[in-house]
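Index from 1, following the sequence. What you see is a predicted model; the values in this text were computed from it and never measured.
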Amino acid sequence: MKLLVVGSGGREHALVWKLAQSPQVTRLWCAPGNAGIAQERLAANGAPVECVNLGAEDLPRLLAFAQSNHVDLTVVGPDNPLALGIVDLFQQHGLRIWGVNRKAAQFESSKVFSQDFMGKYGIPTAVAGTFDQPSAAKRFCASLGGPCVVKADGLALGKGVLICPTLTEAERAVDQIMVGKAFGQAGSRVVIQEFLEGIEVSLHALCDGKTAKVFPTSQDHKRALDGDLGLNTGGMGTYSPTPFLTDSQLAVTAQQVLEPFMRGCTAEGIDYRGILYPGVMLTRNGPKILEFNARLGDPETQVYLTRLENDLVELLDASAGGTLDKLELKWSPLASVCVVMASGGYPGNYSKGKPIFGLEAANALPNTKVFHAGTARAGESIVTNGGRVLGVTALGRDLKEAQSAAYTAVGKICFEGAQFRGDIAVKAL
Ligand code: AMP
Ligand code: GLY
């Protein structure tokens, strides 16, 4: 099979690494990829993975590439091409592609859509309302009688969620988003949720339109600094599984979310094939869904795929083809920890082009894999090329062993300004 992976981050490196292990894959391209992706080789024939210089949002050229190279399956990593309708476009041209279609991508691209859907189909979530008028939005904030969260409807680079401890701050947030248009059109509507206290975990389920298969649990660390301090980021590290949700609690939660989710999709004519990634708050009153993402998490993917024992091509092909009921997901009992190494200054301004040292030494350690995110090749060296640079991932018999292995590998790598959290998975230990 010939495969094309779309994207260039740590998630896409993990996807490429895992897909390359499949005996079915004879050629694999990644658009645009990164320096680590370009170092991968196929298990079937030893051929190198080929990075092609096409942007993940350049739908017409991605289509032309897949057509002229007779790609058998395209795998989409990031949310933007999904929201732009890459799946619909490829399918219109008779090409097989894995990921959610445009209608299904609304679960991530519109928080109002998701919140209304959760309300309509009884999915456990925060007390919430959706609004297109600032006055009604503010009245609802007041009615909550406590801290609340104001969310711009559309994609806002992860910045459209404002946590408001007081009513005055909530009213200001509504004005900022709806009147001041701080996030442009993304803020013409808002979701307002009660503020929930608890532990946040990530769930993932692979769906094929009829069947949804839940992954083990994982937890991300979204803040930049140790102790969950600092600014929100794309994710500074993950581990799997998390002890905060036992296997039986996971099964119950998955049932409470996925059964109404799939029923709602059928009722609304949404053919949901791809990943459903709910962000969940474990509250005193049980798990509550904060939001839905319609793609794999980054860096959740790095810990999931290091634990996955199936042939990923088979799984994604079954998800795209509607035959997931015939497959069983198999997971290694080992724990996985991913520590993100980021550029100095991230998530604010940072510089690029810093040479990275020690990658080979880190990768040579047992049960360790360094996934690249923002990296590029400059002559003989590999240099930084983004905010999140590497996802240093290791397996262990338990979280403690995996954590220790991941930090041993981090200790082998250096680049000017490198920053990482020293407490990934500490909460779980
Ligand atoms: P979202 O993009 O909707 O997941 O929101 C981003 C982050 O804001 C989440 O990962 C949570 O940490 C936080 N958050 C969102 N909604 C709530 C809520 N209702 N209560 C408390 N924290 C929240
Ligand atoms: N790990 C956070 C995200 O992928 O959105």
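With hydrogens and angles disregarded, a donor-acceptor distance shorter than 3.5 Å links the side chain of Asn34 to the backbone of Ala373. Side chain of Asn101 to backbone of Asp88: no donor-acceptor contact under 3.5 angstrom is found. With Glu401 contributing its side chain and Asp398 its backbone, the two residues share no donor-acceptor pair below 3.5 Å. Under the 3.5 Å distance criterion, the side-chain polar atoms of Arg388 are left unmatched by any main-chain donor or acceptor of Ala342. With hydrogens and angles disregarded, a donor-acceptor distance shorter than 3.5 Å links the side chain of Tyr407 to the backbone of Ile424. Remark: side-chain polar atoms of Arg273 are paired, donor with acceptor, to backbone N or O of Ala320 under 3.5 angstrom. Formation of a donor-acceptor pair under 3.5 Å by the Gln419 side chain with backbone atoms of Tyr346 is found in this model. The main-chain N or O of Met236 is never found under 3.5 Å from a side-chain atom of His221 such that the two would form a donor-acceptor pair.
A donor-acceptor contact closer than 3.5 angstrom is absent between the side chains of Thr238 and Asp220. With no hydrogens or angles considered, a side-chain donor-acceptor pair links Ser218 and Tyr304 at under 3.5 Å. A donor and an acceptor atom, one from each side chain of His13 and Glu40, are located under 3.5 Å apart. A side-chain N or O of Arg307 and one of Ser240 form a donor-acceptor pair less than 3.5 Å apart. Between the side chains of Trp98 and Thr74, no donor N or O sits under 3.5 Å from an acceptor N or O. Asp311 and Ser22 share a side-chain donor-acceptor pair at under 3.5 Å. Side-chain contact of Asp247 with Gln249: a donor-acceptor pair under 3.5 Å is absent, judged by distance alone.
Note on Lys427 versus Asp228: salt bridge recorded, some NZ/NE/NH1/NH2 to OD/OE distance being below 4.0 Å.
Of the candidates Glu291, Lys151, Gln193, Gln115 forms a side chain to side chain donor-acceptor pair (under 3.5 Å) with just one, namely Gln193.
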Full working for side-chain hydrogen bond (donor to acceptor under 3.5 Å, both in side chains) between Thr211 and Asp325:
CA-CA 6 Å; Thr211 304; Asp325 56 327; 4.8 Å; no
